[in-house]
Amino acid sequence: IVPASLIQIAAPGLTMLPYGSSFREDSGAVVQWLMVHAAFLGIFYPFGSILLSMNRTWFGFWYNAGYSTLLLVLAAFLIPRFGGTGLASATALSYVATSIVCVLYIYRRERAFVGNVVLWPAIAGVAISIAAFFAFHHFLRPVSATVSAFLVVGTLVTAVLWRAHKRGLV
């Protein structure tokens with residue numbers, strides 16, 4: 001999910017291509033924010049199951065309540081000014097913020113559940129990649145941004161798989 005999300009951040013027009021030019025006009029930023037959410041979803045999604053396996057359902061409840069509250073607050077401020085882009089950004093920002101709190105909780109309370117997983121470099125790598133792919137979109141022409149995105153994603157995926165293979169994980 002992360003590689004596909006990064007490509008769509010650099011080239012949101014690819015996502016909207018089937019819908020036609022009238023629909024595609026103002027939706028690039030919405031797609032980009034939804035892909036920011038999706039990229040971090042690819043990193044943080046397993047932690048909900050880890051909370052359940054830790055038997056920390058009350059923390060899971062408060063995590064979800066915090067996410068919902070933050071989403072409502074951000075949406076109330078962002079939607080009136082930015083419309084659909086405001087809702088998409090509120091979704092991404094509230095998910096990232098509450099997921100980081102969840103990860104910190106798990107690392108602090110039950111590190112055994114995550115083993116030797118070094119998650120902070122992955123989070124930083126995704127955040128830096130998102131910023132780079134936004135830059136592709138803003139500073140390159142659409143075709144150049146798309147080609148660059150595919151080349152960089154291909155290189156990153158190859159590097160991650162090679163490193164995992166070298167460590168005997170794949």
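This structure is a prediction, so every number in the text was calculated from the model and none was measured. Along the sequence shown, the residues carry numbers beginning at 1.
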OG1 of Thr57 to CG of Asn64, rounded to nearest 0.5 Å, is 11.0 Å

Can you give me the closest heavy-atom contact between Met16 and Ser27, atom names plus distance?
CG-OG, 3.4 Å

Report the C-alpha separation of Phe136 and Thr146 in whole Å, then their side-chain angles, then the decisive distance to 0.1 Å, and conclude whether the side chain to side chain contact (heavy atoms under 4.5 Å, CB included) test is met.
CA-CA 8 Å; Phe136 285 177; Thr146 304; over 6 Å; no

According to a 4.5 Å side-chain heavy-atom criterion applied to Ile, Leu, Val, Met, Phe, Trp and Tyr, with indirect links allowed, do Val103 and Leu52 form part of one hydrophobic cluster?
no

In Å, rounded to the nearest 0.5 Å, how long is the span from OG of Ser99 to CG of Leu41?
8.0 Å

Are side-chain heavy atoms of Leu140 and Ser148 found at a separation under 4.5 Å?
yes

Could you check if a side-chain atom of Phe40 sits within less than 4.5 angstrom of a side-chain atom of Ile130, using non-hydrogen atoms only?
yes

State whether the number of non-hydrogen atoms from other residues, nucleotides or ligands found under 6.0 Å of Trp120 atom CH2 is greater than 12.
yes

Ser5 versus Ala38, closest heavy-atom pair with distance
OG-CB, 3.3 Å

Which is it for Tyr105 and Met54 under the side chain to side chain contact (heavy atoms under 4.5 Å, CB included) test, yes or no, and what are the steps along the way?
CA-CA 11 Å; Tyr105 174 81; Met54 291 170 52; 4.1 Å; yes

With rounding to the nearest 0.5 Å, note down the distance linking CG in Leu14 to CD1 in Ile7.
8.5 Å

is_close_aromatic(Phe59, Trp62), centroid dist under 6.0 Å
no

Name all residues meeting the side-chain hydrogen bond (donor to acceptor under 3.5 Å, both in side chains) criterion together with Gln8; count only those two or more places apart in sequence or in a different chain, and write none if there are none.
Thr15

Between Tyr19 and Leu34, is there shared hydrophobic-cluster membership here, with clusters defined by ILVMFWY side-chain heavy atoms closer than 4.5 Å?
yes

Within 6.0 angstrom of His138 NE2, more than 12 heavy atoms from elsewhere
yes

Do Leu51 and Cys102 have side-chain heavy atoms sitting under 4.5 Å apart?
yes

Assess the residue pair Thr91 and Trp33 against the criterion (side chain to side chain contact (heavy atoms under 4.5 Å, CB included)); give the C-alpha distance rounded to whole Å, side-chain angles, the decisive distance to 0.1 Å, and a yes or no.
CA-CA 8 Å; Thr91 302; Trp33 277 107; over 6 Å; no

Could you see if Leu72 belongs to whatever hydrophobic cluster contains Leu78? Use Ile, Leu, Val, Met, Phe, Trp, Tyr and a side-chain cutoff under 4.5 Å.
no

Please assess Tyr45 against Ile1 for the test side chain to side chain contact (heavy atoms under 4.5 Å, CB included), listing each intermediate value before the final yes or no.
CA-CA 11 Å; Tyr45 185 76; Ile1 192 169; over 6 Å; no

Under 4.5 Å between side-chain heavy atoms, hopping through other hydrophobics if needed: is there a path connecting Ile43 to Leu156?
yes

Please name the pair of heavy atoms, one in Val2 and one in Gly42, separated by the smallest distance, quoted to 0.1 Å.
CG2-CA, 4.2 Å

Same cluster or not: Phe134 versus Val31, using hydrophobic residues (I, L, V, M, F, W, Y) connected whenever any side-chain heavy atoms lie under 4.5 Å apart?
yes

Should the ring pair His37 and Tyr95 be called parallel, tilted or perpendicular, given that the plane angle runs from 0 to 90° and is split at 30 and 60?
perpendicular

Nearest 0.5 Å, what's the CG-CG distance between Leu87 and Leu71?
6.5 Å

In terms of heavy-atom contacts, Ala10 and Ala149 come closest through CB-CB, 3.6 Å

Which distance, rounded to the nearest 0.5 Å, do you find between the CZ of Phe47 and the OH of Tyr63?
10.5 Å

For the CD1 atom of Ile123 and the CD1 atom of Ile128, what is their distance to the nearest 0.5 Å?
12.0 Å

